[in-house]
Undergrad: 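Take this structure, written in C-alpha cells, and hold onto it; I'll ask about it next.
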Amino acid sequence: MRMTEHLRHRRPLFVCHANCCRSVLARYLYRHLCNEAPALSAGLEAGERINDRAERMLRAWGIDASAHVPLNLSRELCAEAGAIFVMGPSYLHRVIWKYGEDLADKAYLFADPFTRPVSFGNGEYKVSDPSFDNRPTSELLREFGWMRERVLQIRLALLGDGRRLVPLSEYLELCQTVDRGSH
C-alpha cells in the first residue's frame, strides 16, 4: 500500500446537518489536537458559513476556522474518507440511505463510536447543536469539552492504538428504524 493510500484510510470525515457547527468543531479539533492530521467535514444540507458560536468556541481553543466553507456531503467524500463519524442516528440513516449501505462498514456515531447501541430513544447518541444555544461561549466550552477527548480517542482508534470502533454494519437494522428526516 502506498503511503498516500495508507494515510487516506485513516482520514476521518465528520458529518452533521449543515457543516456549520458540530462537524466543523470535530474536524478542526481533530486537526489541531492530532498534529495537523488530515480530516474532512461535510453536511447533509450545507449551510452558508461557519456558525458564530462554533467559530468563537474554536477561537477560544486556539483554532482559527474563519476560512471554513461548508461543504455538501457526497459519495466522493465518503469514498475519500477512511471513516465517517456522524452527529446523530438520523444522519447515520440518511448517509447509508442516500450514499449506499456499503458505507455501513466505515460509518460510526460520533457521540460514542465504541459501543453497539441497543436503543435510540430519548435522543441517545445525538450530539446537541451549539448553533441554537444562546449561553455564553465559556459555558459552551465546558459542555462541549468532551469533543476534545473524543477526537483524540478516534485518532488512536484509527491508528490501531485505541479502542475498537463499532461500525454501523453491526446495528444496521436498529439504525434503519430511526426517522432519517429528523434532526
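The chain is numbered in sequence order, starting from 1.
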Undergrad: SG of Cys16 to CD of Glu45: how many Å apart, nearest 0.5 Å?
TA: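 Here the interatomic distance stands at 11.0 Å.
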Undergrad: Looking at Ser182 and Ser90, would you say the former's side chain and the latter's main chain have a donor-acceptor pair under 3.5 Å?
TA: no
Undergrad: Locate the shortest heavy-atom distance separating Gly47 from Pro70; write the atom from each residue and the value.
TA: O-CB, 3.4 Å
Undergrad: Verify the cluster assignment for Val69 and Ile63: are they in a single hydrophobic cluster under the rule of side-chain heavy atoms below 4.5 Å apart?
TA: no
Undergrad: Are the side chain of Arg75 and the backbone of Tyr99 linked by a donor-acceptor contact shorter than 3.5 Å?
TA: yes
Undergrad: From Leu73 CG over to His17 NE2, what is the distance, rounded to the nearest 0.5 angstrom?
TA: 12.5 Å
Undergrad: Do you know which two heavy atoms are closest between Leu77 and Asn72, and how far apart they sit?
TA: CD1-O, 3.7 Å
Undergrad: Using atom types as modelled and distance alone, determine if a side-chain donor or acceptor of Arg150 lies under 3.5 Å from a backbone N or O of Phe110.
TA: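 Yes, the answer is positive, given that a donor and an acceptor are paired below the 3.5 Å cut-off.
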Undergrad: Out of curiosity, Leu159 CG to Ile154 CD1, how far, rounded to the nearest 0.5 Å?
TA: 12.0 Å
Undergrad: Is there side-chain contact between Ile84 and Cys78, with heavy atoms separated by less than 4.5 Å?
TA: yes
Undergrad: Report the distance from atom CG of Leu174 to atom CZ of Phe120, rounding to the nearest 0.5 Å.
TA: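 Reported to 0.5 Å precision, the distance equals 4.5 Å.
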Undergrad: For Asn35 and Ala37, indicate whether the former's side chain and the latter's backbone hold a donor-acceptor pair under 3.5 Å.
TA: no
Undergrad: With ring-ring contact (aromatic ring centres under 6.0 Å, His included) as the criterion, how do Trp61 and Tyr30 come out once you've worked through the C-alpha distance, each side chain's angles and the decisive distance to 0.1 Å?
TA: CA-CA 12 Å; Trp61 282 322; Tyr30 186 90; over 10 Å; no
Undergrad: Using modelled atom types and a 3.5 Å cut-off, is there a donor and acceptor pairing between side-chain atoms of Asp112 and backbone atoms of Phe114?
TA: yes
Undergrad: Would a single hydrophobic cluster contain both Leu71 and Val24, if residues Ile, Leu, Val, Met, Phe, Trp and Tyr are joined by side-chain heavy-atom contacts under 4.5 Å?
TA: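 Yes, Val24 and Leu71 fall within the same hydrophobic cluster.
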Undergrad: Is there a side-chain contact between Pro117 and Leu109, using heavy atoms and a 4.5 Å cut-off?
TA: yes
Undergrad: If you take all heavy atoms of Ile96 and Gln176, which pair is closest and at what distance?
TA: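 The pair with the smallest heavy-atom distance is CD1-NE2, 4.1 Å.
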Undergrad: Rounded to the nearest 0.5 Å, how far apart are CE of Met147 and CE of Met57?
TA: 7.5 Å
Undergrad: Calculate, to the nearest 0.5 Å, the distance between atoms OG1 and CZ belonging to Thr115 and Arg163 respectively.
TA: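 Reported to 0.5 Å precision, the distance equals 7.5 Å.
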Undergrad: Spell out, as yes or no, whether a donor-acceptor pair under 3.5 Å connects the side chain of His93 to the backbone of Val178.
TA: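 Yes: the side chain of His93 pairs with the backbone of Val178.
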Undergrad: Scan for salt bridge (Lys or Arg N to Asp or Glu O under 4.0 Å) pairs involving residues 15-31, sequence neighbours excluded, and state none if there are none.
TA: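 Residue pairs with at least one partner in residues 15-31: Arg22-Asp129, Arg31-Glu36.
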Undergrad: So, does Arg53 use its side chain to make a donor-acceptor pair with the main chain of Ser131 at under 3.5 Å?
TA: yes
Undergrad: For side-chain contact (heavy atoms from CB on, under 4.5 Å), just list the numbers for Leu152 and Cys34, CA-CA rounded to whole Å, side-chain angles, deciding distance to a tenth of an Å, and then say yes or no.
TA: CA-CA 7 Å; Leu152 291 171; Cys34 302; 4.1 Å; yes
Undergrad: Give the C-alpha distance, both sets of side-chain angles, the deciding distance and a yes or no for side-chain contact (heavy atoms from CB on, under 4.5 Å) between Leu25 and Phe14.
TA: CA-CA 9 Å; Leu25 290 171; Phe14 299 102; over 6 Å; no
Undergrad: Closest approach of Ser119 and Glu124, non-hydrogen atoms and distance?
TA: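 It is OG-OE1, 3.2 Å.
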Undergrad: State yes or no: do Val86 and Trp146 share one hydrophobic cluster built from I, L, V, M, F, W and Y residues joined by side-chain heavy-atom distances below 4.5 Å, directly or via other members?
TA: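 Linked within one cluster.
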Undergrad: Please assess Val127 against Tyr91 for the test side-chain contact (heavy atoms from CB on, under 4.5 Å), listing each intermediate value before the final yes or no.
TA: CA-CA 11 Å; Val127 177; Tyr91 302 140; over 6 Å; no
Undergrad: Hey, quick one: are Leu168 and Val118 part of the same hydrophobic cluster, counting side-chain heavy atoms closer than 4.5 Å, chains of contacts allowed?
TA: no
Undergrad: Looking only at atom types and distance, does a side-chain atom of His68 sit under 3.5 Å from a main-chain N or O of Asn19, one as donor and one as acceptor?
TA: yes
Undergrad: Which atom names give the shortest non-hydrogen contact between Ile50 and Ala54, and what distance separates them?
TA: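 Scanning both residues, the minimum pair turns out to be CG1-CB, 4.2 Å.
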Undergrad: The criterion is ring-ring contact (aromatic ring centres under 6.0 Å, His included); which residues satisfy it with Tyr108, sequence neighbours excluded?
TA: Phe85
Undergrad: Closest approach of Ser66 and Glu55, non-hydrogen atoms and distance?
TA: CB-OE2, 3.2 Å
Undergrad: Under the criterion side-chain contact (heavy atoms from CB on, under 4.5 Å), I'd like the reasoning laid out for Leu13 against Glu80: C-alpha separation, chi angles, the key distance, then a yes or no.
TA: CA-CA 9 Å; Leu13 167 62; Glu80 190 176 332; over 6 Å; no
